[in-house]
Amino acid sequence: MTRFKHLTLMVCVIVVCRGQHCEKIAGGEKCEEDDSLEKITEDDLVLDDILVYTVATEETDGFQRYKLSADEFGIKPVVLGFGKEWKGGDMSGPGGAWKINLLKTALREHKDQNKIALFTDAYDVIFLRKPEDIVRKFKETGAKVLFSAEVFLWPDLKLKDKYPVVEEGKRFLNSGMYIGYVDQLLELLDREEVKDTDDDQLFFTKAYLDEEFRKKIEMKLDHKSEIFMNLNGAENEVEIVETESKEHHKYKLKNLITHTEPMIVHGNGPSKSTALNYIGNYLPNGWNPNDGCVSCKVGQFDLSSKEEDLPYVLLALFIEYPTPFLEEQLLKAASLEYPKSRMHLFIHNAAKYHTDHVDTFLEAYGTQYKSVKKIIPDDATTEWAARDLAMDQCLAKECDFLFVVDSIAHLDNPHTLKLLIAQNRTVLAPIMVRHNKVWSNFWGELTKDGFYARSNDYMDIVQNDKRGLWVVPFINSVYLINAKLLKRFDRKTLKYSKDKLDADMAFCANLRDLGVFMFASNRLDFGHLVNPETFDTTRTEPDMYQIMDNQRDWESRYIHPDYPENLNPEKKPLQPCPDVYWFPVVTRRFCKSLINMMETFGKWSAGKNEDNRLEGGYEAVPTRDIHMNQVGWDRHWLFFLQQYVRPLQEHVFIGYTHDPPRSLMNFVVRYKPDEQPSLRPHHDSSTYTINLALNEADVDYEGGGCRFIRYNCSVTKTKPGWLLMHPGRLTHYHEGLLVTKGIRYIMISFVDP
Ligand SMILES: *[C@@H]1O[C@H](CO)[C@@H](O)[C@H](O)[C@H]1NC(C)=O
Ligand SMILES: *[C@@H]1O[C@H](CO)[C@@H](O)[C@H](O)[C@H]1NC(C)=O
């Protein structure tokens, strides 16, 4: 088999050479061998020079992606206008004819050489196939000049009736991508004079609608997207599908309407910040199930610098509303594996409720940071202003990165900051999700109005079935911004306000408009989000009420660290009296909080037989108590019974299952010498009873305990957070022992009455 190589000519031309032969076709230019390119077979040969051009003035994220995709296929584009000031007018309206004038000049050098030139935009274009395929397909169309087609007519809607009607595919010309023979292209570009700020699409449209001219240069549109795919209005036409297994690339783009496999894709119009980015996450070689995230490795580096060489970071904490489990959230932020001597701290607290939490945090850690700026509720700084201020503060402190962390974002992984810096992206969010939910800090897709929509891969990403680095249209809650971005755009352009949007939506909309990619990573677990929706700070101990909405955080704070050991089949449960079991279940913090809830409420019952809180209005063995429903905590307690008590019961009283457990009587009892110091012997009307000690014997009170009369066995010196469980109505006749000093609190439930 004869071996051939791709060779590179000048900077721009991909030439296919065979030995000395290529010097001839390349017009005397010297051929350089480039072994890094793959060997191809004769079948793949296209003996034309193909010149690839684009226009880009600066190194945007979109341009980097364009270049990466070109690299993937050995395409070496000539970049026109790079480093120059954009002369094509304001691109939110008509404009862009500067591109025509740049290309005209560039192509003149290649007149009369029978070459083919491909032009595409840069910031919103991705190559999907090798140039040989593109040229072959172009030749099959029989056109000498082939333009991409799109669904919408732009910019002159009056021209609609002049457009030839097509039976299949897209009807209208789009000037973002075209290919043709250089000589015909030059005829087209020279058809009339055009000013840099004129509209390039209008220029080409007029040429195309001139039937005589169109026929003369054999100009056609790629209606069926054989080569060019414009996404705007046609986002749903395409799908990413697997290629046949022999291919190097795992995925390709398929047009489901025209049954073609587009070779270059263009995110024209609003599709550039949604559909195109989605495709770019996978194609041509961003992510696949075998290799995982190929694009993750691009540009990332090892951040193992010595402490004094680490970049400066401004850690910006935003507490915009009362948030459950903020103490832990702040503690995790303080526990990042990053020297505080390289960090500045910025806190915007807009919630009076958290004043003490913030002050406690600052007392413990404030002095360790290089600097601290605190904005308190009384400053009445708006969220928009505070977030803008953090960007300016970052510049003022000459920081290298701004790390934005909102109060709902828990940095469970202390390496998060380092990992984000090492990933080396301009704007990068670590993906965080609410526990057991699919609510996260990014959106996969936008609606036409810029609101939330779910992308095809959203579920796979939030559930970590796919791990990688994704360009997405919206992020919030926690993200790292490279300070270079803050220098590049001032606060008139890059800011947290726009129209009447909330701060996050405005910021992301501005980033999209500026062509700045928002990356979101779930390469690793970084942390999770808490749900602030039901957090009610009018309650005493509001976090206690979060057992259902933020269960994982609730457990970390309130469930005893030894709780899981209770269920260890290897271990024998403690049994201080016959069929009385004793388990560590909740933390001291739980006990303190529950007592506080009750004492703050304060309406202890009179300890009389008449009790209008009960259905029958009568209590045979009354205590001084407060029922859970009096403090609005009954649903929460039943949930606690179901989640944490039922498994213990099933573990020790085998064969009895009742899920969920029922309980009508759930209350905290107060024993006090001068009030009610003890309780006479009685049976409980329950299948089983739980008795949770809330404070400490010999410290908070003296005496007390529970005596099981039938067994003449007492449990005294009960421990806070430990729960006694015993059968109810028949065997475990019991009494509450005398409290001689102080106050004893216990929590009681009669389960399954
Ligand atoms: C970080 O990414 C930029 C491109 O965005 C690249 O130029 C640079 O080399 C990367 N840095 C490292 C240390 O790899
Ligand atoms: C009950 O136990 C106590 C001490 O454990 C003992 O002094 C007493 O005699 C016992 N009473 C009966 C009736 O067994």
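Start at 1 and go down the list; that is how both ligands and their atoms are numbered.
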message: Looking only at protein heavy atoms, which one is nearest to atom 2 (O) of ligand 2, and what is the separation?
response: N712 ND2, 2.4 Å
- prompt: Should the pair R670-E675 be classified as a salt bridge under the 4.0 Å nitrogen-to-oxygen rule?
  reply: yes
task: List every atom of ligand 1 that sits less than 4.0 Å from any heavy atom of N424, numbering the atoms from 1 in the order shown and giving each element.
output: 1 (C), 2 (O), 3 (C), 8 (C), 10 (C), 11 (N), 12 (C), 14 (O)
query: What is the ring orientation for H726 with F708, classed by angle as parallel under 30°, tilted 30 to 60°, or perpendicular over 60°?
result: perpendicular
- request: Give the residue and atom name of whichever protein heavy atom lies nearest to atom 13 (C) of ligand 1, and the separation in Å to one decimal.
  value: F301 CD2, 3.3 Å
- request: Measure from atom 11 (N) of ligand 1 to the protein's non-hydrogen atoms and state whether any distance is below 4.0 Å.
  value: yes
field: N or O contact, Q300 vs ligand 1, cut-off under 3.5 Å
entry: no
field: W470 and N522: side chain donor to acceptor below 3.5 Å
entry: yes
- request: Decide side chain to side chain donor-acceptor pair (under 3.5 Å) for T689 and S686; before the verdict, give the C-alpha distance in whole Å, the side-chain angles of both, and the deciding distance to 0.1 Å.
  value: CA-CA 6 Å; T689 295; S686 69; 2.8 Å; yes
- prompt: Purely on distance, is any nitrogen or oxygen of G299 under 3.5 Å from one on ligand 1?
  reply: yes
- request: Using a 4.0 Å heavy-atom threshold (strictly under), name the region of R425 that reaches ligand 1: side chain, backbone, both or neither.
  value: neither
- prompt: Does the protein put a heavy atom under 4.0 Å from atom 5 (O) of ligand 2?
  reply: no
- prompt: Are the side chain of E308 and the backbone of R342 linked by a donor-acceptor contact shorter than 3.5 Å?
  reply: no
- request: Return yes when Q64 approaches ligand 1 closer than 4.0 angstrom through a heavy atom, no otherwise.
  value: yes
- request: Would you check if the side chain of H683 reaches a backbone N or O of R729 as a donor-acceptor pair within less than 3.5 Å?
  value: yes
- prompt: Ion pair present between D579 and R710, side-chain N to carboxylate O less than 4.0 angstrom?
  reply: no
